[in-house]
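The structure under discussion appears below in the form of structure tokens.
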Amino acid sequence: MLSDAFWHGELGAADIVGRTLTVNDEPCFVVGIMPKDFSFYPKRTQLWMLIPPQGEYAKNPWSSMVGVVGLLAPGATRAGAEAELKALQARIINEAPPESVLRTAEPDVLDLQSEFLWLTGRNLRVSLIVLFAAVTFVLLIACVNVATLFLGRAAERQREFGVRAALGSSRLRTMRQLLTESLLLSIFGGLFGVLLATASIRYLNAMNPVELPPGNPITINWQILAFTALLAILSALLFGLAPAWKASRFDLNAVLKKEGRRTHLVAKYLVISEVALSLVLLAGTALMVESLHRLISTPLGFQPAHLLTANIDLTSKTYSTSDQRLNFYNKLKSAVSAIPGVQGVAFAPLVSTGSNGLSVEGTRGEYQGALGNDVSEAAVDVDYFRVMEIPFLKGREFEARDQQKTLPVAIVNEALASKYLHGDPVGQHIRLGKLEDKHPWLTVVGVVGNVKGFVVFKEMGYVTDPCVYLPLTQSPDSKVAILARSAREPSAVIPAIRDKFSHLDGSLPPLDLTTMHEWLSQFFNQPRFRAGLLSIFASLGLVLCGIGIFGVVSQSVAQRRHEIGVRMALGARQGDTLHLVLREGIGLVAAGIAIGVAGALALTRVLSSLLYGVSATDPLTLAAVATLLMLVALAACYVPARRAMRVDPMVALRYE
């Protein structure tokens with residue numbers, strides 16, 4: 001069964017159903033092609049093959065691993081399914097080998113959608129909550145901003161409302177008119193938002209920046225439209241109700257004496273809340289961006305620049321023996337090394353695997369003679385450490401004389417040597433597994449620096465497990481990666497390496513070569529996407545906050561025009577007027593910052609699982625965000641302040 005992408009991309013959408021493809025030297029009958037919108041995990045799967053009744057799983061059922069997916073019958077529960085599986089296990093578990101871990105395992109029925117959610121992003125749920133909170137903050141900032149502008153507009157229309165009241169207009173009619181204006185503004189904003197969301201979704205689906213759980217396409221459906229309509233109505237009430245209520249409480253004498261000042265006071269409170277919300281949003285974004293920067297810039301223990309890699313799978317019958325695999329690796333290494341610009345070639349797994357115990361000769365520790373269960377292993381080429389530029393600390397590297405018939409040797413990393421090997425590690429004998437296991441003793445011939453790795457359980461961070469490196473010549477694995485270091489731009493030698501590989505064995509799938517930086521970037525997709533979206537939302541919030549401060553200070557200057565004219569007539573200088581206006585704006589921002597810092601200290605703790613190398617309450621980040629808001633406030637207040645400095649006292653007094 002072929003995927004639609006493989007059918008179009010590799011086979012050119014040819015009429016393939018009913019014909020035969022050769023996979024791993026085995027003829028396979030193509031029975032169908034999956035729909036284009038079908039998705040499963042992992043998404044890169046290109047074809048699915050039937051598990052044959054007489055295949056490897058049937059021959060070695062207790063040493064094979066396979067995922068099991070089941071559909072619950074109508075009315076069945078997960079607890080009932082687990083009970084059935086436990087009963088089934090009790091009948092067959094005695095057939096398992098004595099050392100099998102399945103003897104102590106218990107069946108557990110999991111929800112497939114939840115598993116997909118976890119596999120595609122360990123922090124996906126928290127990320128969505130954080131992003132939704134950021135969107136909510138931006139919406140609140142926008143509503144507060146519009147409410148502030150509506151309050152100012154209502155103050156300017158007080159004479160109009162006074163005439164309407166004198167002519168018999170009721171408070172309810174005035175409120176209804178203003179709420180209708182708010183609702184129209186919100187509806188048009190919602191329609192524009194839907195258009196913008198549609199364009200953004202098309203872009204996201206085309207670019208596919210992050211892997212989402214299968215079966216969850218991003219689309220605009222009726223639920224989204226209904227939510228948008230509800231949000232538009234709630235937003236209209238949120239930013240329109242306060243101005244409408246203020247305008248409906250109309251008293252002409254009160255308006256002439258003090259209503260303008262009361263309206264201005266409400267606007268001040270709104271701006272303070274706007275600044276507080278902006279600070280919390282900016283603080284969370286700054287922490288995310290700083291975490292991403294530290295995650296990407298952390299030294300990994302090797303040099304990824306100018307390094308190319310691709311996985312090689314030699315599990316076909318053609319390479320069933322160790323000698324056949326080693327012969328292929330040697331030929332490929334010679335061919336690629338001869339390409340101009342290639343400095344070195346090596347073979348090794350991209351990720352060290354295993355969760356082994358370690359036995360040290362002459363030492364008995366926990367786990368029935370084995371030390372720990374955290375030791376990984378990797379079979380590597382003799383040039384692996386040189387090509388990867390992993391620092392060699394002690395002893396010697398692997399050599400061509402380390403063959404299957406010679407003394408088994410190993411190189412350990414610094415983490416293993418410091419944790420399990422006392423004294424000089426070189427010359428000590430270790431074994432992967434327990435003391436009583438039949439694995440051969442390995443003589444440690446060298447110690448290398450640690451290489452940071454990624455694990456599925458820890459999205460934001462690295463692990464440095466104790467690792468045992470084995471020579472590929474003594475443990476010729478069928479699944480390795482080719483590593484080629486280039487003296488020039490790596491992409492320039494990709495076609496030549498692919499040609500050499502295909503010429504060596506055309507029956508193998510073509511090499512999917514990529515730079516090491518590109519391979520590493522897949523682990524940063526989720527953090528980068530989060531930080532990018534939060535940066536957009538925080539920028540919007542900052543712009544809206546600046547607009548809000550500018551609007552309130554401008555309204556204040558307009559309402560205090562007479563006062564400013566009197567001050568200047570009595571001898572106040574332009575600098576005094578500038579200081580007066582700036583002090584008012586900075587005072588609002590300072591109050592908002594104080595409230596926002598308290599909110600940020602409480603709310604950013606939720607981000608702890610999404611941070612790396614920085615505390616959720618980092619004082620430098622809060623100080624930087626507060627300084628940025630203060631600078632924005634100064635810029636927003638400066639224009640109204642300059643306008644106040646140019647007030648002509650005679651014109652202001654004559655106007656009043």
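Values in this document were obtained by computation on a predicted structure and should not be read as measured data.
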Does the [X] side chain pair with the main chain of [Y], one donor and one acceptor, at a distance under 3.5 Å?
X	Y	answer
Asn413	Gly449	no
Gln474	Ala379	no
Asn450	Glu414	yes
Gln403	Ala400	yes

Mind checking whether [X] and [Y] have side chains closer than 4.5 Å, heavy atoms only?
X	Y	answer
Val448	Pro391	no
Ser609	Met460	no
Val130	Leu534	yes
Val480	Arg325	no
Leu21	Ile16	yes
Pro466	Tyr420	yes
Leu610	Arg530	yes
Tyr462	Phe454	yes

Shortest non-hydrogen separation from [X] to [Y] and the atoms involved:
X	Y	answer
Val412	Ala417	CG2-CB, 4.3 Å
Asp465	Asp374	CB-O, 3.7 Å
Ile390	Phe302	CG1-CB, 3.9 Å
Val345	Asp381	O-OD2, 3.9 Å
Leu483	Ala348	CD1-CB, 4.3 Å
Gly301	Val451	O-CG2, 4.3 Å

To the nearest 0.5 Å, what is the distance between [atom1] ([X]) and [atom2] ([Y])?
X	Y	atom1	atom2	value
Leu307	Thr515	CG	OG1	9.0 Å
Ile339	Ile497	CD1	CD1	5.0 Å
Leu504	Tyr329	CG	OH	12.0 Å
Glu377	Leu442	CD	CG	9.5 Å
Ser3	Gln46	OG	CD	6.0 Å
Leu607	Thr285	CG	OG1	9.0 Å

Worksheet item: Hey, would you say the Trp48 and Phe38 ring centroids sit under 6.0 Å apart?
Response: yes
Side chain to side chain contact (heavy atoms under 4.5 Å, CB included) against [X], all qualifying residues, sequence neighbours excluded:
X	result
Ala481	Thr309, Asn311, Leu350
Ala378	Pro349, Ser352, Val380, Tyr469
Arg488	Ser486, Ala492, Val493

For [X], check salt bridge (charged side-chain N to carboxylate O under 4.0 Å, His left out) against everything at least two apart and list the hits.
X	result
Arg202	none
Asp383	Lys333, Arg386
Arg485	Glu389

Counterpart residues, side chain to side chain donor-acceptor pair (under 3.5 Å), relative to [X] (two or more places apart):
X	value
Asp477	none
Lys331	none
Asp499	none
Thr198	none

Discussion item. Using side chain to side chain contact (heavy atoms under 4.5 Å, CB included), reason through Ile411 and Phe392 one step at a time and then give a plain yes or no.
Written reply: CA-CA 10 Å; Ile411 293 175; Phe392 216 88; 3.9 Å; yes
Discussion item. Just to verify, what does Phe501 make a ring-ring contact (aromatic ring centres under 6.0 Å, His included) with, not counting sequence neighbours?
Written reply: Phe328
In terms of side-chain heavy atoms, does [X] have a donor or acceptor partner in [Y] at a distance below 3.5 Å?
X	Y	answer
Thr321	Gln324	yes
Asp313	Tyr319	no
Ser337	Gln343	no

Worksheet entry | Within 6.0 angstrom of Asp512 CG, more than 12 heavy atoms from elsewhere | no
Fill in: Neighbour count above 12 (heavy atom, 6.0 Å) for Phe29 CZ
yes
Less than 3.5 Å apart, which donor and acceptor atoms pair up between the side chains of residues 288-297 and the rest of the protein, not counting sequence neighbours?
residue : atom : partner : partner atom : Å
Glu290  : OE2  : Arg294  : NE           : 2.6
Glu290  : OE2  : Arg294  : NH2          : 3.3
Ser291  : OG   : Leu287  : O            : 2.9
Ser291  : OG   : Tyr612  : N            : 3.1
Arg294  : NH1  : Gly613  : O            : 2.1
Ser297  : OG   : His293  : O            : 2.6

Item to complete: Walk me through it: do Gln428 and Val360 pass the test side chain to side chain contact (heavy atoms under 4.5 Å, CB included)?
Response: CA-CA 8 Å; Gln428 295 195 41; Val360 181; 3.8 Å; yes
Worksheet item: Charged N to carboxylate O under 4.0 angstrom, Arg396 versus Asp402?
Response: yes
Item to complete: May I have the step-by-step check of side chain to side chain contact (heavy atoms under 4.5 Å, CB included) for Asp618 and Thr604, ending in yes or no?
Response: CA-CA 10 Å; Asp618 182 44; Thr604 52; over 6 Å; no
Item to complete: Step by step, work out the side chain to side chain contact (heavy atoms under 4.5 Å, CB included) result for Phe529 and Leu533.
Response: CA-CA 6 Å; Phe529 187 63; Leu533 285 182; 3.5 Å; yes
